[in-house]
Number of protein chains: 2
Amino acid sequence: MSPRHSTVEAARTRERIVRAAVEDASRLGLEGLTVGSLARRLGMSKAGLVGPFGSREQLLAAALEQAGQVFRAAVTEPLEGLPPGPGRLEQLIDRWVDYLADCPFPGGCFVTAASSELDGRPGPLRDRLREIVTSWRRRLATEIAAAQAESPGRHRPPDEVATTLIGLSMALNQEIQLLEDPSAVPRAREAMRHAVGLAVGP
Amino acid sequence: MSPRHSTVEAARTRERIVRAAVEDASRLGLEGLTVGSLARRLGMSKAGLVGPFGSREQLLAAALEQAGQVFRAAVTEPLEGLPPGPGRLEQLIDRWVDYLADCPFPGGCFVTAASSELDGRPGPLRDRLREIVTSWRRRLATEIAAAQAESPGRHRPPDEVATTLIGLSMALNQEIQLLEDPSAVPRAREAMRHAVGLAVGP
DNA sequence: CCTACCGATCGGTAGG
DNA sequence: CCTACCGATCGGTAGG
């Protein structure tokens, strides 16, 4: 009744392929990933590479899911256990900036790049990405509202602040990846803290 | 001594090709543009399409320049004649948001998409794009500093505000192109006005 | 997981 | 500006 060796091996192989696919897609874009060069890099045949997924597009879908997991592991999971409020929002911002500053993907934020690439290409990949982005926006707005609820006075609408934070993450990603400007990291961190109403440095 | 007819025709053809290239690249990305399908769409041969530019990459470079021109015509040129200060910054924000809301490119902001696509691909296209983005950042920071100079009190650093505005433009572009959320336009406009310290609506 | 192959398309060039 | 072609590569499949 124990799993056949080949089953374990198959899962390992699948995992190995997905990780390599995420790397390639991060550097070259989802459309830039080709099964031929990815297979060559892994020392496999094209058929062996695509087989576990059925098609190139389903391999890209698996890579997108994996990238979402990596983002959540870096930014969202460290918050578990903290009570909602300004302290947790501050942690979220720090984890988010750290994720962009020391990015687990060689080409910068995978979801941002995929969004720009897929927004004009209808299909299941675009649909799934829209779900991922929408869900993250909702999560952000909830965290912001919880933080605002603990301090008196008028606040900007949580949706607007969420847009500002997402925008700052995109601008930071550009300043790191395209402009290679090391001053961008502290600047974006301060801007995020200011946008949500946290005290900011001198 | 008058220019030969063929010279005028050649310039017209070149212009026509560049415009079509910008459209294709906006929808499919710069890497997604192929000379074969672009030639077919224009009823030309591949050789005739690429000839005036020398190579596909130089055609892409021409498309990038053209996209920069379109952006400046929409956002920067309308400001000419206005004195620096809050009024001109307000106009800049409105033209910028309008440009994104009713975009001259079918796939959304060309420069933002190109930035995300090229940031991991070293070469002359990336170098040129970096110049374009850097120059725009500088211009923005100058406009922000001029507006701040006219009002008393402490202000956020102009570089930080420039990052916030650029980020908001990217987030708005995503909300329009990927999420197709019509509420994004007024929200981003308010966020930009707030970020630069202009009075915002109710 | 492999080899061997499919038709289609890629960017580019020779020659006019 | 064209036709006609180059070698390379694309994603996918048949058959094992």
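Scope of the values below: all heavy atoms of this structure, side chains included, with no hydrogens, waters or symmetry mates.
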Trainee: Whole angstrom is fine here: how far is it from CZ in B/Phe53 over to P in C/dG11?
Mentor: 15 Å
Trainee: Take atom CG of B/Leu42 and atom P of D/dC1, then tell me their distance rounded to the nearest Å.
Mentor: 10 Å
Trainee: Give B/Ser45 one of three labels, base, sugar-phosphate or nothing, depending on what nucleic acid heavy atoms sit under 4.0 Å from its own.
Mentor: base
Trainee: Using whole Å, report how far CG of B/Leu38 lies from C1' of C/dG12.
Mentor: 16 Å
Trainee: Rounded off to whole Å, could you give me the CD-to-P distance for the B/Glu31 and C/dG11 pair?
Mentor: 10 Å
Trainee: Does B/Thr13 have a side-chain nitrogen or oxygen under 4.0 Å from the phosphate oxygens OP1 or OP2 of D/dC1?
Mentor: yes
Trainee: Write down the distance between CD (A/Glu57) and C1' (D/dC10), rounded to a whole number of angstrom.
Mentor: 15 Å
Trainee: Can you figure out which of C/dC2, C/dG11, D/dC2 approaches the side chain of A/Ala47 most closely?
Mentor: C/dC2
Trainee: Within a strict 4.5 Å, meaning less than it, do heavy atoms of the A/Val185 and A/Glu175 side chains meet?
Mentor: no
Trainee: For B/Ile17 and C/dG11, give me the distance from atom CD1 to atom P, rounded to whole Å.
Mentor: 15 Å
Trainee: Answer with base, sugar-phosphate or nothing: what part of the nucleic acid does B/Gly54 contact at a heavy-atom distance below 4.0 Å?
Mentor: nothing
Trainee: How many Å lie between CE on B/Met44 and P on D/dT3, as a whole number?
Mentor: 11 Å
Trainee: Identify whether the distance between the nearest side-chain nitrogen and carboxylate oxygen of B/Arg128 and B/Glu57 falls below 4.0 Å.
Mentor: no
Trainee: For A/Gly51, which contact category applies under a 4.0 Å heavy-atom criterion: base, sugar-phosphate, or nothing?
Mentor: nothing
Trainee: Watson-Crick or G-U wobble partner for C/dC5, using a 3.5 Å limit on both distances?
Mentor: D/dG12
Trainee: Please tell me which of the listed nucleotides, C/dT3, C/dG12, D/dG12, lies nearest to the side chain of B/Arg56?
Mentor: C/dG12
Trainee: May I ask you to check whether A/Phe110 and A/Phe71 place their ring centres under 6.0 Å from each other?
Mentor: no
Trainee: Looking at the side chain of B/Arg40, which of D/dG11, D/dC2, C/dC10 is the nearest nucleotide?
Mentor: C/dC10
Trainee: How would you label the contact of B/Leu33 with the nucleic acid (heavy atoms, under 4.0 Å): base, sugar-phosphate, or nothing?
Mentor: sugar-phosphate
Trainee: Within the 4.5 Å heavy-atom criterion, are A/Arg156 and A/Val196 side-chain neighbours or not?
Mentor: no
Trainee: NZ of B/Lys46 versus C1' of D/dC5: gap in Å, rounded?
Mentor: 10 Å
Trainee: Counting only N and O atoms by type, is there a donor-acceptor contact under 3.5 Å from the side chain of B/Asn173 to the main-chain atoms of B/Cys109?
Mentor: yes
